[in-house]
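FYI, the numbering just counts along the sequence from 1. Since we're looking at a predicted model, the values are computed, not measured.
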Amino acid sequence: MKISNYIHATVAIIGIAVTLTSCDEHIEFPDTAMKTCDILCTDGEIVRYDDVVSKGKTPIGVVFHVNQDGKTEGTGYAVYLWDIEQSAFCDSLGVKQNTSANPTAFDGNTNTHALFSSGLSPAANSVFAMWKYGQSAYIPSVAQLQLLYASRAAVNSYISKCGGDVISADPSECWYWSSTEVSGQESAKAWLFSLSSGALQETPKIESHKIRPIITLYN
């Protein structure tokens, strides 16, 4: 083999080796999958907390559940940053408001619509009125509040960072309306939920209690 041909062949082999080596190098790609404690912004985008400021976003909620097993609706849930003022589930007793009354169902959105349609729910009216970016928030069902309760410790720090109302552990401040009526007593009672202990309490629907809206995500 001529020296020039040998050199050319050697260079080609080295080039192939360099190419193969570069293909085997580990390249870091940004992880864009939605995670618990990501931030829901007013434009509907979900970002990491650090991106809220860098992208000039306005936060509105914190992701507290990601639907990985297909058992809940959408891709996950976000909790609204603030409590809604205390209000009654229903302004009178003796009326069924047609929620599912199923404490294991992830159906707060449907329940809230039923409450609003009844025309007798100050709680549902207040949630519909607060959402100036388009009606998306609703009163969570018992099952959805249980998911929020399970992640409250992690979510609370991001609620605080975003200027929201942290979920209180104070026994006197922890009770929130679910959107679930009590089965067999639908005309009189609904479930109150403690975000401090995870406890449930049958409660007359004319009592006023806080509401913590959530949002179903479809990102």
With side chains defined as the heavy atoms from C-beta onward, is the minimum distance between [X] and [Y] less than 4.5 Å?
{"X": "V62", "Y": "L40", "value": "no"}
{"X": "L200", "Y": "V142", "value": "yes"}
{"X": "R212", "Y": "D165", "value": "yes"}
{"X": "S100", "Y": "T110", "value": "no"}
{"X": "Q86", "Y": "E207", "value": "no"}
{"X": "P213", "Y": "I84", "value": "yes"}
{"X": "K189", "Y": "T203", "value": "no"}
{"X": "S121", "Y": "Q97", "value": "yes"}

Spatial distance of atom [atom1] ([X]) from atom [atom2] ([Y]) [nearest 0.5 Å]:
{"X": "C41", "Y": "I60", "atom1": "SG", "atom2": "CD1", "answer": "9.5 Å"}
{"X": "S187", "Y": "K205", "atom1": "OG", "atom2": "NZ", "answer": "6.5 Å"}
{"X": "L115", "Y": "S117", "atom1": "CG", "atom2": "OG", "answer": "8.5 Å"}
{"X": "T216", "Y": "N109", "atom1": "OG1", "atom2": "CG", "answer": "5.5 Å"}
{"X": "L120", "Y": "S118", "atom1": "CG", "atom2": "OG", "answer": "4.5 Å"}

Quick one: does any side-chain atom of [X] pair with a main-chain N or O of [Y] as donor and acceptor, under 3.5 Å?
{"X": "T112", "Y": "I139", "answer": "yes"}
{"X": "Q185", "Y": "S183", "answer": "no"}
{"X": "N98", "Y": "A114", "answer": "no"}
{"X": "E181", "Y": "T99", "answer": "yes"}
{"X": "N111", "Y": "S179", "answer": "yes"}

Who are the side chain to side chain donor-acceptor pair (under 3.5 Å) partners of [X], not counting sequence neighbours?
{"X": "E45", "answer": "K57"}
{"X": "S54", "answer": "none"}
{"X": "S141", "answer": "Q144"}
{"X": "T75", "answer": "none"}

(request) In sequence, state the C-alpha distance, the side-chain angles, and the governing distance for R48 and D38, and then conclude on side-chain contact (heavy atoms from CB on, under 4.5 Å). (result) CA-CA 5 Å; R48 303 289 189 259; D38 280 352; 2.6 Å; yes

(message) Test: ring pair (Phe, Tyr, Trp, His ring centres under 6.0 Å). Region: residues 99-119. Which pairs qualify, not counting sequence neighbours?
(response) F116-F128

(message) For residues 177-209, which residue pairs pass the ring pair (Phe, Tyr, Trp, His ring centres under 6.0 Å) check, not counting sequence neighbours?
(response) F89-W177, W177-H209

(message) Run the side-chain contact (heavy atoms from CB on, under 4.5 Å) test on L217 and M34 for me, step by step, so that the C-alpha distance in whole Å, both residues' side-chain angles and the decisive distance to 0.1 Å come before the verdict.
(response) CA-CA 10 Å; L217 305 171; M34 186 175 71; 3.7 Å; yes

(request) Tell me, please, which residues at least two apart from D107 pass salt bridge (Lys or Arg N to Asp or Glu O under 4.0 Å). (result) none

Show the atom names and distances, to 0.1 Å, of all donor-acceptor pairs under 3.5 Å that link a side chain in residues 156-163 to residues at least two apart or in another chain.
{"from": "N156", "atom 1": "OD1", "to": "I167", "atom 2": "N", "distance (Å)": "2.6"}
{"from": "N156", "atom 1": "ND2", "to": "I167", "atom 2": "O", "distance (Å)": "3.0"}
{"from": "S157", "atom 1": "OG", "to": "A154", "atom 2": "O", "distance (Å)": "3.1"}

(request) Please check if any side-chain donor atom of S197 sits under 3.5 Å from a side-chain acceptor atom of S194, or the reverse. (result) yes

(request) Say whether H65 and S151, considering side chains only, have a donor N or O and an acceptor N or O under 3.5 Å apart. (result) no

Sequence-distant partners of [X], side chain to side chain contact (heavy atoms under 4.5 Å, CB included), two or more places apart:
{"X": "S168", "answer": "D170, E173"}
{"X": "T36", "answer": "V66, V155"}
{"X": "A188", "answer": "none"}

(request) Determine, step by step, whether L147 and Y77 satisfy the side-chain contact (heavy atoms from CB on, under 4.5 Å) criterion, reporting the C-alpha distance in whole Å, the side-chain angles of both residues, the deciding distance to 0.1 Å, and the verdict. (result) CA-CA 9 Å; L147 292 176; Y77 299 127; 3.9 Å; yes

(request) Using ring-ring contact (aromatic ring centres under 6.0 Å, His included) as the criterion, list what pairs up with Y176, not counting sequence neighbours. (result) none

(request) Test side-chain contact (heavy atoms from CB on, under 4.5 Å) on L195 and L148 and set out the steps. (result) CA-CA 8 Å; L195 281 172; L148 178 57; 4.0 Å; yes

